Amino acid sequence: MSHSTDPRPMSAVPGAKLTGTAEVPGDKSVSHRSLIFGAMAVGETQVTGLLEGQDVLDTAKAMEALGAEVIRHGPGEWSVHGVGVGGFSEPEDVIDCGNSGTGVRLLMGTVATHGFSTTFTGDASLRSRPMGRVTDPLALFGAEAHGRAGGRLPLTLVGAANPVPVRYATPVPSAQVKSAVLLAGLNAPGETVVEEIEATRDHTERMLRGFGAEVEVDGRTIVLKGQPELTPQHIVVPRDPSSAAFPVCAALLCEGSDVLVPGIGLNPTRAGLYTTLREMGADLTYENERLEGGEPVADLRARFGPMKGIEVPPERAASMIDEYPILSVVAAMAEGTTVMRGVKELRVKESDRIDAMARGLEACGVRVEETEDTFTVHGTGGEVPGGATVGTRLDHRIAMSFFCLGLGARRAVKIDDATVVETSFPNFLPLMESLGASFRRENG
Ligand code: S3P
């Protein structure tokens with residue numbers, strides 16, 4: 001479903017002292033994959049802790065349009081009755097992936113090796129994002145894409161009726177591209193091989209193995225054996241480290257705060273922000289470290305304290321790619337300069353996130369510099385003036401980042417549209433309020 005509700009401007013009120021426990025929702029990446037892989041298994045997959053954000057709800061609808069049965073039993077409790085690898089049928093209508101790059105790119109991979117046509121669209125943000133990075137490798141399987149200029153949505157993908165397996169070296173570090181190729185490979189005979197330019201989040205490899213596929217990983221090379229029978233699973237979705245970043249960072253920024261964020265997955269392909277925050281001197285500890293479903297998990301404890309600017313190395317970018325907006329906010333409140341290198345992928349996210357953060361931070365009185373691939377924020381040592389209105393550009397992470405800045409700034413920060421947080425963190429505002437934050441509804 002495309003974003004159609006009226007924009008809701010809101011301000012974050014400064015002076016919050018955040019305390020208590022923040023139970024953040026399920027992981028977005030794992031939630032999408034639970035529904036898609038469940039739909040490709042034979043029989044019923046059960047999912048506990050599914051993120052009920054708009055992105056994932058759109059993927060649930062898409063799986064139904066392709067022939068799977070998806071049922072909600074209660075909050076976070078879902079089941080998917082899968083049709084087996086190769087068992088999808090042609091959707092009768094356009095598939096609208098709303099705001100979700102992960103949804104549309106994984107689904108394109110899925111249908112690329114089914115002999116029917118699927119037309120995809122999305123909201124204004126998604127329609128502006130590049131799809132050639134996925135349709136190019138899918139063409140190697142025999143799929144044909146007919147989209148707008150630059151491979152933009154709406155786009156029709158004519159799937160290959162007789163797909164061939166593919167060997168593909170990814171030109172950009174992208175788990176979505178890797179996953180699209182592996183998903184297409186599921187319904188191709190023989191071995192599909194992806195060589196990654198850099199290691200990215202590995203949920204697809206881990207979860208497909210859990211469903212019974214043969215997936216070998218050797219360094220950055222992934223080999224998938226096509227046409228497996230996937231066995232239904234009971235998936236317990238871990239809490240999302242990318243969503244946890246917001247209450248964690250807000251606590252680090254707001255004087256007197258002490259917040260516990262329990263049960264956060266710290267898979268090394270996702271945990272780069274937390275390493276960075278600790279290097280900045282954040283009072284951030286991992287409590288009750290354990291393994292859950294084979295993944296490292298901890299309760300994160302974040303307390304207010306001074307932080308200093310650092311250089312964030314380019315090789316860390318993939319493991320914290322969604323966290324640069326909130327890191328920029330932390331950098332603005334820290335002492336000294338933070339330089340983020342190797343971040344040009346941020347320019348093709350839900351918005352151009354370097355530009356969105358740069359303009360918003362400048363409006364709030366923070367000095368920044370940017371090149372195509374680098375973002376530099378000059379910290380204020382806790383003295384961000386605020387008092388500005390920031391454009392969220394249909395981007396949930398931009399909205400939540402500026403909400404956090406507003407809580408720690410001198411004057412309120414107004415966001416032009418709070419509804420965008422529905423994408424990944426539907427209970428963001430009430431959860432932050434339960435910790436002691438206050439937000440004010442504004443007139444447009
Ligand atoms: C995701 C991959 C990343 C990330 C997105 C989720 C995934 O995108 O930004 O939020 O679940 O595979 P890219 O693959 O474009 O880096």
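Whatever order the structure lists them in is the order used to number ligands and atoms, beginning at 1. We count residues from 1, following the sequence as given. None of these values were measured; they are calculated from a predicted model.
- A ring-centre distance under 6.0 Å is not found for Y324 and F375.
- Closer than 4.0 angstrom to ligand 1 by heavy atom are K28, S29, R33, T102, P173, S174, A175, Q176, R201, I321, D322, K349, sorted by chain and number.
- A salt bridge links R347 with E372: the closest approach of a Lys/Arg side-chain nitrogen to an acidic carboxylate oxygen falls below 4.0 angstrom.
- Ion pairing of R393 with D355 is present here, as a side-chain N (NZ or NE/NH1/NH2) and a carboxylate O approach within less than 4.0 Å.
- Residues V172 and E196 fail the side-chain proximity criterion, which asks for heavy atoms closer than 4.5 Å.
- Counted by atom type alone, R33 and T204 present one or more donor-acceptor pairs between their side chains at under 3.5 Å.
- For the pair E370 and R359, the salt-bridge criterion is met [side-chain N within less than 4.0 Å of a carboxylate O].
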